[in-house]
Protein chains: 2
Amino acid sequence: MTSSSDRDPPERVVVGMLGCGTVGTGVARLLLDNRDRIADRVGVPVILGPVAVRNLSRRRDVEIERLTSDPHEVTTDPDVDIVIEVMGGIEPARSLIVEALEAGKSVVTANKELVSTLGEELLQLAHGKGARLEYEAAVAGGIPIIKPLRESLAGDRVRRVLGILNGTTNYILTQMTEHGMAFGEALAAAQRLGFAEADPTADVEGNDAAAKAAILASLAFDTRIVAGDVYREGISRVTASDIAFARRMGYVIKLLAIADDDGSRIGARVHPCLIPSDHPLASVRDSFNAVFVEADAVDDLMLYGRGAGALPTGSAVVGDVVSAARGLLSGEQPPAHGTRHSKPIRPFDELVAQYSVRLSVADRPGVLAEIASVFGAQEVSIKSVWQEDTGETAQLVFITHAARERDVQRTVEQLRSLASVRDITSVLRVEGGEV
Amino acid sequence: MTSSSDRDPPERVVVGMLGCGTVGTGVARLLLDNRDRIADRVGVPVILGPVAVRNLSRRRDVEIERLTSDPHEVTTDPDVDIVIEVMGGIEPARSLIVEALEAGKSVVTANKELVSTLGEELLQLAHGKGARLEYEAAVAGGIPIIKPLRESLAGDRVRRVLGILNGTTNYILTQMTEHGMAFGEALAAAQRLGFAEADPTADVEGNDAAAKAAILASLAFDTRIVAGDVYREGISRVTASDIAFARRMGYVIKLLAIADDDGSRIGARVHPCLIPSDHPLASVRDSFNAVFVEADAVDDLMLYGRGAGALPTGSAVVGDVVSAARGLLSGEQPPAHGTRHSKPIRPFDELVAQYSVRLSVADRPGVLAEIASVFGAQEVSIKSVWQEDTGETAQLVFITHAARERDVQRTVEQLRSLASVRDITSVLRVEGGEV
């Protein structure tokens, strides 16, 4: 802030930026195009200062006055009040953010890898320095979810958060659902359209969603959860026939990130789920994201929107810049939003959920009874069964009542050893219903 | 705030409350039950002080220490830092809020009538006194929408807001859609369940939604819009057969509040609409509310949740109390969120939208051509037609391309004068598609 003394109101806020790829370009464009609106909201102009990039000569869609190849020029410039970090990855992003915070600058980041592993340390450092660390853009792109969890629900108790946090996998599942495509075919379509990367592992195996789930869980339950704490299963084994069977039983299949507080322990997991087709998350199509919150007072709440893209994510970054700038101007001490509790993580095999188990069995008398008794012996109670005969074999789908993961896995093991069971086609969890 | 001098950090924040009906009881319970969580978020304890009620002897579901029948005891108590107003209505709520603001206290209100008519004056008064006026609970109950519009989208340009803002009418329309009920039957069911009042006019005729639309439009477009500026049509003339015909053409019928900025003028209206059944708003069932925002950068955003009820609305009030308390503690000057622009209101007959026109006509050759030529003469272009013969008469449904309200009304007038037209059964606007 340019001010003649500490007491004079500053005349402007200067923002520096680390990185200028897709999101950075979006941020720069929004800061420039909406300069008047932003000045209105902040009270003084917000100026884009130095921007550090790897390649100075690369063509960009936006005019940036001060490009530099030295990121320290951004983090150490005494004129810079707020540093935006949109490089991604752990290093050098972490060191540069530390450098900026140490210098008392506020930081706005869109970096989910960093926040989901080292967020706690960075928030504590920021707090110690009287600086802010904002990260709305790190989860679900343009959807405001960090602020609502932190502020609007401050007087409430969140029980559970369910999110569609990865647009690539939601696009793939939508294609499989609406056009009967196989997984590989839908993935190839997503790659052609630029929704999926050449190496789709991070999206398809649930790692991207797991990092975001860790951030949401930490915030919702005021407990430190890192990406490594989140159980994950991807969608590469989901088949078009799983989806078709689910639909006949009134469900759709979505890759959900789910975090819950059962009173004493926190669970955090990412895996494909059946959800009832009239659940609000079922209508989240294509590459859209959504976060569904179940809380004591507010009951059900869903926030839906674009989870990625230069402008949606850029919009979330700029919203954070406006908050940080207003905080700087007012001299408000930033909230101590580190985590206050340290509830243990619930082991995944102690999860209690509903399950869908699909099998191919010999089509002869007594088989259904034999299989049902295996469920019964493990105390897994059956809610509904669907059978389709296909000649020598029959397809069976069981939906269970709430059961323990461990007991269901034991049930499946025992079913596999039966002579009458040809194949356990799929075991999927069911959410959004009972429990 | 109890502090020995202006410089010492205050030890607590005291909240007074005007009114203690359904929402007030929810607020009191949340403040008491979540006292530790709230103290964590604010930094110091938040204490419920005096609560003014009309009837001191009424039984309440929550233990309140200081009940008074004199509301001025709340607004003038020097220990009270924040006044919550949950009385509703214009007077005496307005005078009491003015009294509190004049005394430099911050105010949190859930009063949509007041904010939608005199919000601007109250915000200016608050700003002049260095106090805050927060009103998250006045629109869409527990859904965080005021803060996201004001803060998260600060760097974006909102083009349009579409909301399902009245739970009663959404419940009625859901019953009509899913159970084929007539309007009167669904209204009676809503009244039995306590979702609709004995006199349902405010809900059913769109007045409640219009007040909320005015508040959202003012905020989204930074222009003063009062409830009286909002065009309104209720749902009492919507029939089960309108809904059935809409469904066959791939639409559902919802009562929408819509506000848009066409670049030079602001439109604000509440009326029943056809929306495509795969639009996210179409899946908002029962008494849930939702706000769908279309903005330049963030693209489509939807916020969904409980629009009413003691605890959801109470949760929004408590979220505002936490913000106001944090603002008080930090000494932050509240944002000047009065309206900065004064764009004119677009007259309703200049609306450009798609329309659905359903008629009953004589079933004989040449009638379709005759009717289509009336549309053509008014430059209303037809997108699709659906015809069903029912003996002597045929049912025709036209969906138009984007057309001007005035031209469509002229078309309908002319159609009414044709001998072959038995009845114009319904004229409804279509949203969520082209335009």
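For clarity, every value in this text was computed on a predicted model and none was experimentally measured. The figures here come from the full heavy-atom set of this structure, side chains too, leaving out hydrogens, waters and symmetry mates. Numbers restart at 1 for each chain; the letters A, B, ... are given by sequence-line order, proteins then strands.
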Let me have the donor-acceptor pairs involving side chains of residues 304-319 of chain B, under 3.5 Å, with sequence neighbours excluded, atom names and distances please.
from	atom 1	to	atom 2	distance (Å)
B:R306	NE	A:D299	OD2	2.5
B:R306	NH2	A:D299	OD2	3.0
B:T313	OG1	B:G309	O	3.0

Measure the spacing between CG of B:D286 and CG of A:D278 and express it to the nearest 0.5 Å. 9.5 Å
So B:E151 and A:R41, do their side chains get closer than 4.5 Å, heavy atoms only? no
Side chain from CB out, backbone as N, CA, C, O: work out which of these in A:L149 comes under 4.5 Å of a heavy atom of chain B, or both, or neither. backbone
Please enumerate all residues that pass salt bridge (Lys or Arg N to Asp or Glu O under 4.0 Å) together with A:R247, with sequence neighbours excluded. none
Can you tell me how far the CG atom of A:L301 sits from the CG atom of B:N289, to the nearest 0.5 Å? 11.5 Å
Applying side-chain contact (heavy atoms from CB on, under 4.5 Å) to A:R37 and B:R157, what does each step give before you reach the verdict? CA-CA 9 Å; A:R37 194 184 318 273; B:R157 197 183 77 84; 3.2 Å; yes
Taking A:V322, A:L153, A:L303 one by one, which has the highest count of heavy-atom pairs under 4.5 Å against chain B? A:L303
Kindly write out the residues that satisfy ring-ring contact (aromatic ring centres under 6.0 Å, His included) with B:F221, not counting sequence neighbours, or none if the list is empty. none
Of all heavy-atom pairs linking B:G155 and A:I38, the shortest is CA-CG1, 4.0 Å
Report, by ascending residue number, the residues of residues 26-35 of chain B in heavy-atom contact with chain A at a distance under 4.5 Å; give 'none' if the set is empty. B:L30, B:N34
